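Letters A, B, ... mirror the listed sequences (proteins, then strands); counts begin at 1. Only a predicted model underlies this, so the values are computations on that prediction, with no experimental measurement involved.
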Amino acid sequence: MARHLITSAIPYINGIKHLGNLVGSQLPADLYARYLRGRGHEVLFLCATDEHGTPAELAAAKAGKPVADYCAEMHVVQAKIAEGFRLSFDHFGRSSSDRNKALTQHFAGRLAENDLIREVSEKQMYSHADGRYLPDRYIEGTCPNCGFDSARGDQCDNCTKQLDPVDLINPHSTISGSTDLEMRETKHLYLRQTAMKDQLDTWIDSKTDWPVLTTSIAKKWLRDGDGLQDRGITRDLDWGVPVKKGDADWPGMEGKVFYVWFDAPIEYIACAQEWVDAGKGADWERWWRTDKGAEDVTYTQFMGKDNVPFHTLSFPSTILGSGEPWKLVDYIKSFNYLNYDGGQFSTSRGRGVFMDQALEILPADYWRWWLLSHAPESSDSEFTWDNFQQSVNKDLADVLGNFVSRITKFCRSKFGEVVPEAGAYGDKEQAVIAALTERLRAYEGFMDAIEVRKAAGELRAIWVIGNEYLQDAAPWSTFKTDEATAAAQVRFGLNLIGLYAVLSAPFIPDAAATMLAAMKMDNAGWPEDIAAALNALPAGHAFEVPENLFRKISDEEREEWQTRFAGVRT
RNA sequence: GGCGGUGUAGCUCAGUUGGUUAGAGCAGAGGAAUCAUAAUCCUUGUGUCCGGGGUUCGAGUCCCUGCACCGCCA
């Protein structure tokens with residue numbers, strides 16, 4: 001039994017995520033966690049909400065709530081949706097927790113001691129009306145180059161000239177509209193990633209088994225142009241982790257907070273502490289401290305490609321730069337983007353399906369299956385309602401659902417709702433066992449390698465074997481001449497349901513649970529031996545014919561949803 | 001504008017370090033079966049692998065170039 005630490009990129013607190021976000025991190029992480037647990041490994045699967053930064057403050061202001069209240073409410077909302085999708089986090093934490101504050105300050109202190117932080121003085125626009133410094137993109141004015149009247153502080157969208165906020169004519173805050181702005185001198189902390197470059201480079205180079213997507217992005221940031229740059233890790237905001245050196249004040253940094261991208265990944269660690277605080281675990285250090293039991297932990301991170309630089313460079317800089325024995329990530333699984341019907345998902349335009357809406361129209365398993373079997377692993381991929389309808393109807397309803405239905409109903413009509421006892425398995429059954437064993441091995445191989453789409457394909461092929469068997473054995477024909485053999489065939493078919501439940505659980509946990517419940521079985525654990533697994537249900541064992549596992553999506557529904565989620569025209 | 005990605009059967013996608021007649025699922029066509037959610041199973045793919053050059057005994061796979069779409073940067 002091995003020990004696996006798994007984290008999913010933590011979703012930002014502002015709003016509900018769309019299906020592309022889900023399939024890029026949380027969902028495949030959950031698949032992997034469920035698979036490893038299923039195989040008997042010890043797993044700690046963590047996720048959290050990422051709560052700091054300007055967008056959270058603005059969203060709270062828009063909602064008319066104090067930012068802390070807003071975040072607390074949204075955390076509950078996101079936790080409920082995650083539960084709805086059956087994301088099996090051992091703990092769903094918050095980056096605004098006291099634990100993360102203390103840990104973030106601790107890391108900053110260690111980095112300072114190791115001379116990896118430098119102070120930089122820069123100029124930034126302060127808005128008196130808003131009572132805050134404004135990030136460049138929250139300042140608009142007239143472009144000095146082309147006269148466009150809504151040029152942003154960083155660039156003019158009209159002539160594309162790159163700008164400084166001071167260049168703008170009549171600059172104003174996009175938050176309040178106020179023109180009462182003042183350029184002020186302010187001091188910030190920079191993480192000296194340049195000093196870590198060689199160490200990071202060597203480390204990334206050693207990861208030859210990582211997805212190309214992960215290493216190519218990391219190498220690009222490390223080597224392209226001027227190479228890896230030092231990164232500002234503080235901001236002039238109210239909402240965030242106050243800048244401190246461990247427990248001590250940081251002279252000159254009063255009133256500032258750490259940048260959200262500095263404290264967010266540290267939450268992976270703090271989340272394990274929160275897990276213990278919540279009474280769900282006893283010892284977080286054996287997962288995170290290599291001097292305290294974590295040396296044999298395999299740590300896997302899941303994320304969309306936009307998060308790769310922070311996980312391959314920034315966070316490792318924090319970990320390595322601390323000089324302390326923290327667990328470093330072993331494998332980073334990254335995903336491309338999922339597009340929606342020929343374009344991008346768009347929060348602002350309401351284009352595409354968001355997590356709450358998805359659960360309103362169909363149960364989690366439907367989405368889990370489609371998303372995972374079409375995960376954007378090697379390139380961006382595409383969600384279309386047509387494809388969704390076809391895949392779900394065919395794979396889930398016809399291939400798996402109908403298999404369960406036909407064998408249980410046939411048994412009920414001929415033998416009653418108990419496993420029939422006559423007859424014995426013969427050549428046909430042995431051949432199926434051999435085929436399943438081979439497929440299972442391939443399935444395990446793809447799951448171990450986190451090849452999500454290929455694993456899904458293999459699982460589907462395993463389901464198909466059941467239908468092939470029934471077609472070939474044809475117990476409905478056998479029954480007419482040889483009742484005992486038909487009984488054995490039915491017994492074999494019923495046992496396949498139990499096997500399928502266990503193997504399918506990582507993808508479609510609810511249906512798997514329904515299958516086990518119908519067969520009145522406990523999850524016997526991962527099948528080490530297919531032949532044994534297919535003798536698990538003894539003769540005379542009672543079962544129930546379950547309701548249909550999956551319903552089909554009608555053409556009318558498909559059309560309705562297509563229209564409903566197309567988004568407002570702009 | 002700069003950077004990056006993609007372009008393989010009607011659709012969604014596989015194609016390892018260049019090597020035999022380019023693959024899977026779905027859709028389509030034909031057949032079998034009738035236990036089942038009109039559900040299953042079998043058979044069936046003559047595709048200028050975006051175009052044009054080039055390297056090579058040999059390129060979907062490498063190089064150059066053109067086109068198209070997409071994303072990122074701000």
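Residue A/Y337 contributes atom OH, which lies 21 Å from atom C1' of B/rC13 at whole-angstrom precision. Going from atom NE2 of A/H374 over to atom P of B/rC11 covers 14 Å, rounded to whole Å. Look at CZ on A/R453: it is 13 Å from C1' on B/rG15, rounded to the nearest Å.
A distance of about 15 Å separates the C1' atoms of B/rU6 and B/rU12, rounded to the whole Å. For the P atoms, the distance from B/rA27 to B/rG18 is 37 Å, rounded to whole Å. As rounded to the nearest Å, B/rC50 and B/rU61 have P atoms that lie 8 Å from one another. Nucleotides B/rA24 and B/rC64 are separated by 33 Å at their P atoms, to the nearest Å. Taking atom C1' on both B/rU46 and B/rA22, the two are 13 Å apart, rounded to the nearest angstrom. B/rA38 and B/rG60 are spaced 41 Å apart, taking the C1' atom of each and rounding to whole Å.
The aromatic rings of A/Y340 and A/F345 are tilted relative to each other, their planes meeting at an angle between 30° and 60°.
Closest to the side chain of A/E468, from the set B/rC41, B/rU12, B/rU37, is B/rC41. Nearest to the side chain of A/E382, among B/rU12, B/rG71, B/rU40, sits B/rU12.
With both pairing distances under 3.5 Å, B/rU16 is matched to nothing as a Watson-Crick or G-U wobble pair. The partner of B/rC69 is B/rG5, judged by Watson-Crick or G-U wobble contacts that both fall below 3.5 Å. Pair assignment for B/rG25 gives B/rC11, based on Watson-Crick or G-U wobble hydrogen-bonding distances that are each under 3.5 Å. Searching all strands for a Watson-Crick or G-U wobble partner of B/rA33 with both distances below 3.5 Å returns nothing.
Across all strands, A/V464 comes closer than 4.0 Å only to sugar-phosphate atoms, never to a base (heavy-atom distances). Counting any heavy atom pair closer than 4.0 Å across all strands shown, A/F550 reaches a base atom.
Between A/D510 and A/R368 no salt bridge is recorded (no basic side-chain N to carboxylate O distance below 4.0 Å).
The cationic atom of A/K305 (NZ for Lys, CZ for Arg) lies less than 6.0 Å from the six-membered ring centre of A/Y337 and within 45° of the ring axis.
In terms of the side chain to side chain contact (heavy atoms under 4.5 Å, CB included) criterion, residue partners of A/N548 (sequence neighbours excluded) are, by chain and number, A/S405, A/K409.
Around the CG atom of A/D427, the shell of radius 6.0 Å holds no more than 12 heavy atoms that belong to other residues, nucleotides or ligands. Counting heavy-atom neighbours within 6.0 Å of A/E438 CD, excluding the residue itself, gives a total of 12 or less.
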What nitrogen or oxygen pairs link the protein and nucleotides 34-36 of chain B at under 3.5 Å?
residue : atom : partner : partner atom : Å
B/rC35  : O2'  : A/R406  : O            : 3.1
B/rC35  : O2   : A/R406  : NE           : 3.0
B/rC35  : N3   : A/R406  : NE           : 3.3
B/rC35  : N3   : A/R406  : NH2          : 2.5
B/rC35  : N4   : A/R406  : NH2          : 3.1
B/rA36  : O2'  : A/N402  : OD1          : 2.4
B/rA36  : O2'  : A/S405  : OG           : 3.4
B/rA36  : N3   : A/N402  : ND2          : 3.1
B/rA36  : N3   : A/R406  : NE           : 3.2

Give each protein N/O atom lying under 3.5 Å from an N/O atom of nucleotides 24-31 of chain B, with the pair distance.
residue : atom : partner : partner atom : Å
B/rC26  : O2'  : A/Q390  : OE1          : 2.9

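Separating the CZ atom in A/F388 from the CD atom in A/Q562 is a distance of 12.5 Å, to the nearest 0.5 Å.
In terms of phosphate contacts, A/K454 brings a side-chain nitrogen or oxygen within less than 4.0 Å of OP1 or OP2 of B/rG15.
Between the side chain of A/E544 and the main chain of A/E417, no donor-acceptor pair closer than 3.5 Å is present.
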